[in-house]
Every structure is written in structure tokens, then in C-alpha cells.
Amino acid sequence: MQPEAPAPEAILEASLYVDDLDAAEAFYGGLLGLEAIQRVANRHVFFRCGSSVLLLFNAAETVKPPGNPRLPVPPHGAKGPGHVCFSQSREQLLQMRKRLQSAGVEIEAEFDWPSGARSVYFRDPAGNSVEIAEPHLWAP
């Protein structure tokens with residue numbers, strides 16, 4: 001029998017894997033407006049998003065063993081496109097859609113879910129599926 005433990009309360013960080021950190025930094029920081037909080041050469045760039053952090057890694061670098069014994073993060077990575085969904089009000093989402101379109105970003109899909117929440121889907125420069133949805137999409 002396993003000991004009791006509470007379930008996690010929130011997602012603190014999420015990762016996507018990219019092949020061009022400069023393009024990813026321009027997209028997530030410059031176009032989407034996220035605050036860059038850390039960049040390490042060609043390995044990763046991290047962004048603050050509300051109380052969470054979006055980690056963008058160069059997968060070719062994260063499969064290498066850690067070089068710092070004080071931070072023994074195990075090697076990791078992924079192949080193929082991932083997905084992330086950001087939260088914005090409908091008004092903010094529609095403003096961002098206009099910004100994306102004016103920058104030449106193709107909107108792949110846009111619709112209202114049965115809950116009434118609006119979602120907009122598009123791709124980042126690495127091919128990851130990016131969604132912006134109204135926060136009540138997953139409301140209980």
C-alpha cells in the first residue's frame with residue numbers, strides 16, 4: 001500500500017523543444033510578449049507566463065549529460081511537435097489573433113468549445129502547436 005500524498009496543485013513549468021532558439025525567442029518573447037527570464041547559449045530559453053514558466057529547449061542539447069554537478073538535471077528531450085495552450089480573455093485573444101495574422105502567422109483553427117470558450121490554434125517556428133483559449137475552457 002502506498003502512503004497518502006496530496007495531488008499537485010498546479011503546473012509550475014512546461015517544456016517545448018525547438019531547433020532554433022533565436023527564432024523561438026523572437027516568437028515567444030517578441031511576438032507573444034512573454035518575459036524572457038533565462039537563456040543559456042544554444043541550450044535553452046525560459047519565459048515567464050503568469051505564475052508558470054515555459055521552458056524552450058534545444059532537444060539536441062538536453063540529451064547530453066549535465067555539465068554542472070550542482071544541478072544534476074537528467075538528460076531529456078522529445079521528438080516531433082508538442083502542444084501548449086495559453087490563457088487569455090476573449091478580447092485579448094482576438095487582439096492577439098490580429099497581431100499574429102499581421103505578422104504572417106497562419107491561424108490553423110479557431111472555434112468555440114461546447115463550454116463557450118474560444119480557442120485559436122497556430123504553429124511556432126519549430127512546428128509546435130500553440131493554442132490560446134479563454135480560461136473557462138477547463139472550468140469544472
Side-chain angles (χ1 to χ4, degrees):
M1 179 178 252
Q2 297 293 322
E4 293 290 323
E9 296 176 359
I11 295 174
L12 181 62
E13 61 189 28
S15 300
L16 289 176
Y17 295 86
V18 301
D19 51 7
D20 183 335
L21 285 178
D22 292 332
E25 190 167 23
F27 185 83
Y28 287 94
L31 185 59
L32 296 185
L34 298 180
E35 173 195 0
I37 56 174
Q38 185 182 92
R39 173 140 183 193
V40 172
N42 194 37
R43 185 180 188 280
H44 66 254
V45 59
F46 298 164
F47 292 93
R48 185 162 313 287
C49 183
S51 62
S52 299
V53 175
L54 177 64
L55 311 173
L56 300 178
F57 288 107
N58 176 343
E61 295 297 317
T62 60
V63 295
K64 297 176 183 175
N68 183 344
R70 294 183 311 122
L71 300 171
V73 176
H76 56 84
K79 293 185 179 178
H83 173 73
V84 66
C85 180
F86 297 107
S87 173
Q88 287 189 315
S89 70
R90 185 170 290 234
E91 181 181 339
Q92 293 168 332
L93 181 152
L94 296 175
Q95 289 174 325
M96 183 59 77
R97 180 190 65 197
K98 285 181 186 175
R99 180 175 173 85
L100 292 164
Q101 289 175 317
S102 73
V105 175
E106 177 188 352
I107 303 301
E108 283 191 313
E110 180 175 3
F111 56 91
D112 289 330
W113 291 92
S115 67
R118 188 91 176 154
S119 279
V120 173
Y121 289 82
F122 49 97
R123 299 277 169 173
D124 75 4
N128 291 300
S129 174
V130 181
E131 176 185 5
I132 300 176
E134 289 181 275
H136 64 277
L137 173 63
W138 291 105

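Along the sequence shown, residues carry numbers from 1. The analysis underlying the following values was restricted to heavy atoms, covering all of them including side chains, and did not include hydrogens, waters or symmetry mates.
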| Nearest-0.5 Å distance that lies between atom NZ in K98 and atom CG in L100 |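 One gets 12.5 Å once the value is rounded to the nearest 0.5 Å.
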| task | Can you tell me which residue pairs pass the side chain to side chain donor-acceptor pair (under 3.5 Å) test with a partner in residues 23-45, sequence neighbours excluded? | result |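 Matches after skipping sequence neighbours: D22-R39, E25-R39, Y28-D124, Q38-H44.
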Over all atoms of both residues, closest heavy-atom pair of [X] and [Y]:
X: V105; Y: R123; answer: CG1-O, 4.2 Å
X: L56; Y: A24; answer: CD1-CB, 3.9 Å
X: H136; Y: G116; answer: NE2-C, 3.6 Å

Hey, does [Y] have a side-chain heavy atom less than 4.5 Å from the side chain of [X]?
X: H83; Y: Y121; value: yes
X: F57; Y: H76; value: yes
X: F27; Y: V18; value: no
X: V84; Y: N128; value: no
X: S87; Y: P135; value: yes

Are [Y] and [X] linked, directly or through intermediate hydrophobic residues, by side-chain heavy-atom contacts shorter than 4.5 Å (ILVMFWY only)?
X: V45; Y: Y17; answer: no
X: I107; Y: I132; answer: yes
X: F46; Y: L21; answer: no
X: F86; Y: L55; answer: no
X: L31; Y: M96; answer: yes

| request: Scan residues 56-75 for pairs that pass salt bridge (charged side-chain N to carboxylate O under 4.0 Å, His left out), counting only residues two or more places apart or in two chains. | output: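 Matches after skipping sequence neighbours: E61-K64.
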| salt bridge (charged side-chain N to carboxylate O under 4.0 Å, His left out) against R97, all qualifying residues, sequence neighbours excluded |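 Scan of R97 (salt bridge (charged side-chain N to carboxylate O under 4.0 Å, His left out), adjacent residues dropped) gives E110.
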| task | Answer yes or no: is there a donor N or O on one side and an acceptor on the other, between the side chain of R99 and the main chain of L32, under 3.5 Å? | result |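 Looks like no, no N/O pair under 3.5 Å.
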| field | Check: E131 main-chain N/O paired with S119 side-chain donor or acceptor under 3.5 Å | value |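 Not at all, since once roles are kept as given, no pair shorter than 3.5 Å links the two residues.
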| message | Checking side chain to side chain donor-acceptor pair (under 3.5 Å) between E134 and each of R118, Q88, R90, which is the one that passes? | response |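 It is R90; the other options fail the test.
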